[in-house]
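Here the structure comes first, spelled out in structure tokens, and everything after it is commentary.
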Protein chains: 2
Amino acid sequence: MATLDFSPIADTTRRAEIVALLRRAILTGQLEPGQKLNELRISEQMRVSRAPLREAMRELVQEGILTSIPYAGTFVIDVTAKDIDDAYSLNKVIDEFAIARTWPLRDQRFFDELDRRHAAVKQATRELDTTRQIETALQLHGLIHEWADNSVLLETWQRLTSRLQMYFALHQRARNEPVPAEDAHETYVRLLKGSDMRAAQRHAKEHIDFDFEALLAYARGLEQRGSKGAGANRAGPPEGG
Amino acid sequence: MATLDFSPIADTTRRAEIVALLRRAILTGQLEPGQKLNELRISEQMRVSRAPLREAMRELVQEGILTSIPYAGTFVIDVTAKDIDDAYSLNKVIDEFAIARTWPLRDQRFFDELDRRHAAVKQATRELDTTRQIETALQLHGLIHEWADNSVLLETWQRLTSRLQMYFALHQRARNEPVPAEDAHETYVRLLKGSDMRAAQRHAKEHIDFDFEALLAYARGLEQRGSKGAGANRAGPPEGG
DNA sequence: GAAAAACAGATTGTCGACAATCTTACAAGA
DNA sequence: TCTTGTAAGATTGTCGACAATCTGTTTTTC
């Protein structure tokens, strides 16, 4: 018998669908940072009860894109320049790790998948679909994390990605311009196919920094204007054990 | 007016208490890997309804120590040698990062806190309280992540920690021996106080590896025996976008 | 008139019951 | 004997209603 690979059956719970809907709304910026999620209103709009909606919200709180205050409400996380900086600096570290781990596992299937995702980015770029462009670019970057064969790394990257995607979307929405039309990933893909691992790692860092500068500048601008609920969270001794 | 630092008020929802209870039960090994959590039974034992219990479980699923299959149940995650390997290898990377970030931020309060946590480990070691020893040792290691002033890093480390603590507890339970009585953290603390950052980073790696070897060997042994629900999750091209 | 107390409205947290789904056991048919 | 269909029981998913809490306003008191 031929061993056909079936993909997992789709999640059939309302909860899962709600999670997907909410996540998309948040990551595309339809739900803005700081915005409160009214349970009754949303549950009525989605035609579900509050139970699965609340469970979905708990998941997204743990996922790090919502925050919850008991008896006060659940809110889309606020985006500060520091958050972006934190996410990016950690991302650089695990990118380097992911490349190192993926490197010896590269095979034809890897290269094919790399090309496929690269093509998807170029496609979205041609179509001037900014949301899709962000998605596909992050998926291209995600390949090294998926291929590294480290489930914990993959989870970590996915958590980071959620935030990055949110930040990017926010950025794009605010600037409302059709995105750099150039192919910014040509070198990245070429190096991943090559034989110089250190060069690939180095480029990953620099390439990310490139996108990053504009984003950080934008975020700093945001904080100048709307300084609602700021608060410098300086690290300090946490509650003692 | 003197600026007194008040600690946050305790969460007063049942959900939060349930999360704490369940997490502790899992991390100490009272709930064993693979075990199914019966909602009705647990809710009756805790004298709460299923609603807050289910919300708590969703949080722990996202936290990575429970896994959920729709209409089948929620289970404590299975511990494989590969999981441990994954967690540790990533931990080494972010440890290095955390030390680098913490380094310029070290001050007297840092050193005091370092000593405090170190003392807690030694205390637990003297009292032969293995569970507490694991907790305190991880808290000692956690200081560099808390002090690094990077919220995303801290979250990531806390997720990793949950698993490591679970693995350690399992290990200790199985071996049932009173733990290495020596002070394994003397050098670590000394180097963190010193002036050679690279040396501290290097030691963190090696030190962790030291604890790790026994744990990994044990986990491999586990897999030899109970090979229930194995399955080699080789990385492959995920579902296309 | 200002501070404190009491009230009203809205929202979140929790509960008990019902619906949908899965598992198991058992019977029917090839 | 093996497969397929069916029914019973148990468990998870979802719903609507009630309780607890917060916020803002009004009333009372000095």
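Residue numbers start from 1 in every chain, and the chains themselves are labelled A, B, ... in the order their sequence lines are given, proteins ahead of strands.
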**OP:** Could you name each residue pair satisfying salt bridge (Lys or Arg N to Asp or Glu O under 4.0 Å) that touches residues 68-77 of chain A, not counting sequence neighbours?
**Re:** none
Original post:
Under the side-chain hydrogen bond (donor to acceptor under 3.5 Å, both in side chains) test, which residues partner A/Ser68, sequence neighbours left out?
Top reply: none
**OP:** Just jot down the salt bridge (charged side-chain N to carboxylate O under 4.0 Å, His left out) partners of A/Arg163, sequence neighbours excluded, or say none.
**Re:** B/Glu155
**OP:** Under the side-chain contact (heavy atoms from CB on, under 4.5 Å) rule, collect the residues that match up with A/Arg101, sequence neighbours excluded.
**Re:** A/Phe97, A/Ala148, B/Ser89
**OP:** Could you tell me which residues satisfy ring pair (Phe, Tyr, Trp, His ring centres under 6.0 Å) with B/Phe110, sequence neighbours excluded, listed by chain and number?
**Re:** B/Trp147
Subject >> Heavy-atom protein contacts under 4.0 Å, nucleotides 5-19 of chain C, coded B base, S sugar-phosphate only, - none >> reply: ------SBBBB-B--
Subject >> Set of residues satisfying salt bridge (charged side-chain N to carboxylate O under 4.0 Å, His left out) with respect to A/Glu63, sequence neighbours excluded >> reply: A/Arg23
**OP:** List in chain and number order the residues that pass side-chain contact (heavy atoms from CB on, under 4.5 Å) with B/Arg50, two or more places apart in sequence or in another chain; answer none if no residue qualifies.
**Re:** B/Glu39, B/Leu40, B/Ser43, B/Arg54
Subject >> Axis-to-axis angle between the two ends of the helix from C/dG1-D/dC30 to C/dA30-D/dT1 (five base pairs per end, rounded to 10 degrees) >> reply: 0°
